[in-house]
Amino acid sequence: MAPTLALVGATGAVGGVMIDIMNARESVPWGEIRLIASPRSAGKKMTVRGTELTVQALAPEVFDGVDIAMFDVPDEISAEWAPIAAARGAVAVDNSGAFRMDPEVPLVVPEVNLDQIANRPKGIIANPNCTTLSMMAALGSVHREFGLTELVVASYQAASGAGQEGIDRLQAELSAIAGKELGSVAGDVRTELERAGLPMADSPFAGAPLALNVVPWAGSLKEDGWASEELKVRNESRKILGIPELKVSATCVRVPVVTTHSLAVHATFEREVSVATAQKVFAEQASVVLVDDPTEGVFPTPADVVGGDPTYVGRIRQALDFPNTLDFFVCGDNLRKGAALNTYEVAEELAKTL
């Protein structure tokens, strides 16, 4: 009997991407699909694989008979409802941050640690943060080959990583300054935005403008000046790769891009590594696209990657002055592989085991 899938948060931005992914699949393993959201969205009609479905209000009984429940809701909602789904017999695949660092909940990227889906004592599997995920397929492949020991990362994160509020704010800022003659002083942008009714106090980007700007901050303030997004990269990379003592340092930067996170990766390995061998490893990874021809100026950018499922890798270089170290650039759509796709891929793999 084909398993039943529930999508919790079906009417949200990532929930919509999950539906798009299912609609694009040649086939799906589900006998029944249930769409679940908050009571205010209950009754809404949505089409999945040619069938019009009615969104149901989140309640304990909606999980009866469900085999796998994908959650794309805020942390506090997942923290409350994923255990309820598990108690009703479903495996919860959660896209929030509620369970990522729980030692009894596996943090899974199918290309890296698929075997961990069987290790779920709480009946919950966590999906990594979109920044970590944007590099993990690529990083996992070279780690298997050369043995990763140290990781230094600078991320260039899209406005959509801050949710719909981030997208709306960036678009409003760009509209407000379009056609304006701006000087070289940063205050000119701030002044124009204030005049347009977009005060910095309302900015979701650490109180700074994002249009024509970059903001070296993402998330909330943690100990010793670290941002929460930076600590997520460190802690989640260690857990996914199974290297508890991996040396990691990250700087997360918000950039005026709507969708697709990019990362500059500086990775040191146990064994000798070359550009040619790394290119071969990347090219052989099914979910990685190698875009790397410096003589022709070919490398990945967010504008080329947005809307795609794979991780794109380029600018691969042997690090100067650092032995056994590579520098490379990674781009991944943070709403697809960085959120919806990875969650759905975990659910598909689970369906094979039921």
Side-chain angles (χ1 to χ4, degrees), residues 1-96 98 124-125 127 130 159-169 171-172 258-259 306-309 333-351 354:
M1 184 175 176
T4 295
L5 175 74
L7 171 54
V8 184
T11 58
V14 178
V17 176
M18 287 179 174
I19 291 173
D20 290 342
I21 289 169
M22 286 191 280
N23 286 339
R25 288 288 205 260
E26 288 187 10
S27 63
V28 297
W30 319 115
E32 179 189 351
I33 298 171
R34 299 181 192 176
L35 304 183
I36 301 167
S38 65
R40 70 176 180 273
S41 295
K44 182 177 180 180
K45 305 292 185 181
M46 303 181 76
T47 301
V48 183
R49 301 194 63 80
T51 300
E52 187 177 75
L53 301 177
T54 301
V55 176
Q56 302 179 52
L58 183 59
E61 59 269 18
V62 300
F63 298 107
D64 291 343
V66 170
D67 297 289
I68 299 168
M70 301 190 302
F71 281 78
D72 178 53
V73 291
D75 290 9
E76 62 274 15
I77 304 299
S78 283
E80 177 182 358
W81 286 94
I84 292 173
R88 295 266 173 160
V91 178
V93 185
D94 181 40
N95 191 37
S96 82
I124 301 170
I125 297 172
N127 196 58
C130 56
S160 56
Q164 190 62 46
E165 180 187 7
I167 297 172
D168 293 344
R169 175 73 188 202
Q171 291 177 338
V258 175
T259 303
V306 64
D309 290 344
D333 187 317
N334 56 298
L335 296 182
R336 289 188 71 84
K337 181 58 176 177
L341 180 62
N342 196 80
T343 303
Y344 186 74
E345 288 174 334
V346 171
E348 278 191 324
E349 292 295 338
L350 276 170
L354 298 178

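Nothing here was measured: the structure is a model prediction, and the numbers come from that model.
Summarising the geometry, atom CE belonging to M18 is positioned 12.5 Å from atom CD1 belonging to I33; distances are rounded to the nearest 0.5 Å. Atom CG in L5 sits 9.0 Å away from atom CG in L35 (nearest 0.5 Å). Taken from CD1 in I77 to CG in L58, the straight-line distance is 7.5 Å, to the nearest 0.5 Å. Rounded to the nearest 0.5 Å, atoms CD (E80) and CD1 (I84) are 5.5 Å apart. Atoms CG and OG1, on D64 and T4 in that order, are 11.5 Å from each other to the nearest 0.5 Å. Once rounded to the nearest 0.5 Å, the distance linking CE of M46 with CD1 of I19 reads 3.5 Å.
The side chain to side chain contact (heavy atoms under 4.5 Å, CB included) test with V306 singles out one residue from D333, V258, N334, L335, and that residue is D333.
Partners of T54 under the side chain to side chain contact (heavy atoms under 4.5 Å, CB included) rule, at least two apart in sequence or in another chain, are K45. For E165, the side chain to side chain contact (heavy atoms under 4.5 Å, CB included) criterion is met by P204, not counting sequence neighbours.
Panel note: side chain R336, backbone V17; no donor-acceptor pair is recorded below 3.5 Å.
A salt bridge is absent between D309 and K337; no separation between the charged side-chain nitrogens and carboxylate oxygens falls under 4.0 Å.
Ring planes of Y344 and W30: perpendicular class, angle over 60° (limits at 30 and 60°).
Taking all atoms of both residues into account, the shortest heavy-atom contact from G15 to D72 is N-OD2, 3.3 Å.
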